[in-house]
Amino acid sequence: MKKKFKKSYGFSFGSALMLTFFTTIMLIILMYFFYDTIHVDFVVEFAILIFLSSFVIIQYRVERLIFNRIGRIFEAVGSSNSSEIKKDQGPSDMESLSREVQKFADEKRQEVDVLNEREKYRREFLGNISHELKTPLFTVQGYILTLLDGAIKDKEVRTKYLERAGKGVERLIYITKDLELIAGLESEELKLNYSHFDMVNLIQNVFDLLEMKAKKRNVKLHFDKSYDFPVWVNADQERIEQVLINILVNAIKYGKQDGWAIVSIQTEGNKVKVIFKDNGEGIKPESLPRVFERFYRVDQSRSREQGGSGLGLSIVKHIIEAHHETVTAQSEFGKGSTFTISLQKSN
Ligand SMILES: Nc1ncnc2c1ncn2[C@@H]1O[C@H](COP(=O)(O)OP(=O)(O)O)[C@@H](O)[C@H]1O
Ligand SMILES: [Mg+2]
């Protein structure tokens, strides 16, 4: 408080003191010359009056000057707050003005931080995309060139190489699909298509959809059906279906051969929690916080071999956060993983 007082009134105090000093000296000299005597009482009263009046005038004028100048600058940089300040002029003007300027500066700094962060992300994203696309492209190119170099004449090699090139193209397609999805999510972040739907039914549908995939690795998909009745939620059904698919596909891909994945539902207050548990390879604690990052894979080669773009869980996080809900991952390395999403219950 004391410091603040010193800061805002220090200038006027010093100037008033100087003014008082010089006018008093002049008064004394004039008195001495014209009247040959000095009335000390009068001089003291004069000094006090001069000091007080000049202090008030200087303080007022300086505040007005700074206020007007900064107000104009404020207007010029297009702050929506400038009109607000103009309206309430009074002794607290300077204080509110400096508060507003500080707020304005903070906002601008935050804006710049966000822009920098976005720019960094964009650069990284571009780098990652080209890296991701390069690998399958070179693979496909390699097989095609070998075929053109003569391998095409050998019937057995030809089929094998064409199949491998086909796999590479497939990989390019699902990376592109995931990229498209992410781009879509980012541009229409707020355009969620909320509806009232039955979670139990949606899980059943996704199970049917993934049945073949699970069979290939002999992973049993299990629905913990303590909920034999509908569980209504309020969310974007299509997007949530994508979430279920991404998490369950991972459970199948990174699950044990002949393993299992169990989905269960819990309701807590106005929330519905969907829990996905598998007995797969699990994720090490140091990797766990990173699995939702774009292009992050614990085991690069295994993820590629399983046909992963590294974008699945970041898409999950994106969708769930757009719903203002949460997704969490728990895992015990070598034993299995559990992913949990929360959604808004609907009655
Ligand atoms: N259920 C799971 N069990 C073990 N590891 C998993 C599981 N789900 C995800 N992961 C790990 O997290 C990484 C990121 O997952 P995701 O974003 O879906 O990318 P990917 O395209 O590799 O599947 C995976 O590469 C994998 O290493
Ligand atoms: Mg995945």
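Worth saying up front: this structure is predicted, and the values here are computed from it rather than measured.
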S.K.: How would you list all residue pairs meeting salt bridge (Lys or Arg N to Asp or Glu O under 4.0 Å) that involve residues 27-52, not counting sequence neighbours?
M.R.: none
S.K.: Which residues pass the ring-ring contact (aromatic ring centres under 6.0 Å, His included) test with His196, not counting sequence neighbours?
M.R.: Trp232
S.K.: Who else is in Leu126's hydrophobic cluster (ILVMFWY, side-chain heavy atoms under 4.5 Å, direct or via others)?
M.R.: none
S.K.: Restricting to ring-ring contact (aromatic ring centres under 6.0 Å, His included), what partner residues turn up for Phe295, sequence neighbours left out?
M.R.: Phe125
S.K.: In terms of side-chain heavy atoms, does Arg158 have a donor or acceptor partner in Tyr161 at a distance below 3.5 Å?
M.R.: no
S.K.: Describe, in one word, how the ring planes of Tyr9 and Phe55 are oriented to each other, choosing from parallel (under 30°), tilted (30 to 60°) and perpendicular (over 60°).
M.R.: tilted
S.K.: Test of understanding: with ring-ring contact (aromatic ring centres under 6.0 Å, His included), list the residues that count as partners of Tyr194, not counting sequence neighbours.
M.R.: His323
S.K.: Identify, with sequence neighbours excluded, every residue that meets side-chain contact (heavy atoms from CB on, under 4.5 Å) alongside Thr328.
M.R.: Thr340
S.K.: Going by an N to O cut-off under 4.0 Å, is there a salt bridge joining Arg290 and Glu293?
M.R.: yes
S.K.: Should the pair Glu180-Lys177 be classified as a salt bridge under the 4.0 Å nitrogen-to-oxygen rule?
M.R.: no
S.K.: Is any side-chain N of the basic residue among Lys215 and Glu211 closer than 4.0 Å to the acidic one's carboxylate O?
M.R.: yes
S.K.: Using a 3.5 Å cut-off and no angle test, enumerate the donor-acceptor pairs between side-chain atoms of residues 140-149 and protein atoms at least two apart in sequence or in another chain.
M.R.:
{"residue": "Tyr143", "atom": "OH", "partner": "Arg164", "partner atom": "NH1", "Å": "3.3"}
{"residue": "Thr146", "atom": "OG1", "partner": "Gly142", "partner atom": "O", "Å": "2.5"}

S.K.: Which residue pairs pass the salt bridge (Lys or Arg N to Asp or Glu O under 4.0 Å) test with at least one member in residues 322-332, sequence neighbours excluded?
M.R.: Lys271-Glu325, Glu332-Lys335
S.K.: List for me each residue that meets ring-ring contact (aromatic ring centres under 6.0 Å, His included) alongside Phe51, sequence neighbours excluded, and say none if there are none.
M.R.: Phe13
S.K.: Name all residues meeting the side-chain contact (heavy atoms from CB on, under 4.5 Å) criterion together with Leu137; count only those two or more places apart in sequence or in a different chain, and write none if there are none.
M.R.: Leu172
S.K.: So does Glu281 pair up with Lys256, basic N to acidic O under 4.0 Å?
M.R.: no
S.K.: Under the ring pair (Phe, Tyr, Trp, His ring centres under 6.0 Å) definition, can you give me all pairs with a residue in residues 260-281, not counting sequence neighbours?
M.R.: none
S.K.: Show me the donor-acceptor pairs within less than 3.5 Å that the side chains of residues 112-121 make with the rest of the protein, sequence neighbours left out.
M.R.:
{"residue": "Tyr121", "atom": "OH", "partner": "Glu186", "partner atom": "OE2", "Å": "3.2"}
{"residue": "Tyr121", "atom": "OH", "partner": "Arg294", "partner atom": "NE", "Å": "3.2"}

S.K.: May I ask you to say whether Arg297 pairs ionically with Glu132, meaning some side-chain N is under 4.0 Å from a carboxylate O?
M.R.: yes
S.K.: Less than 4.0 angstrom from a charged side-chain N to a carboxylate O is my criterion; do Asp106 and Arg109 meet it?
M.R.: yes
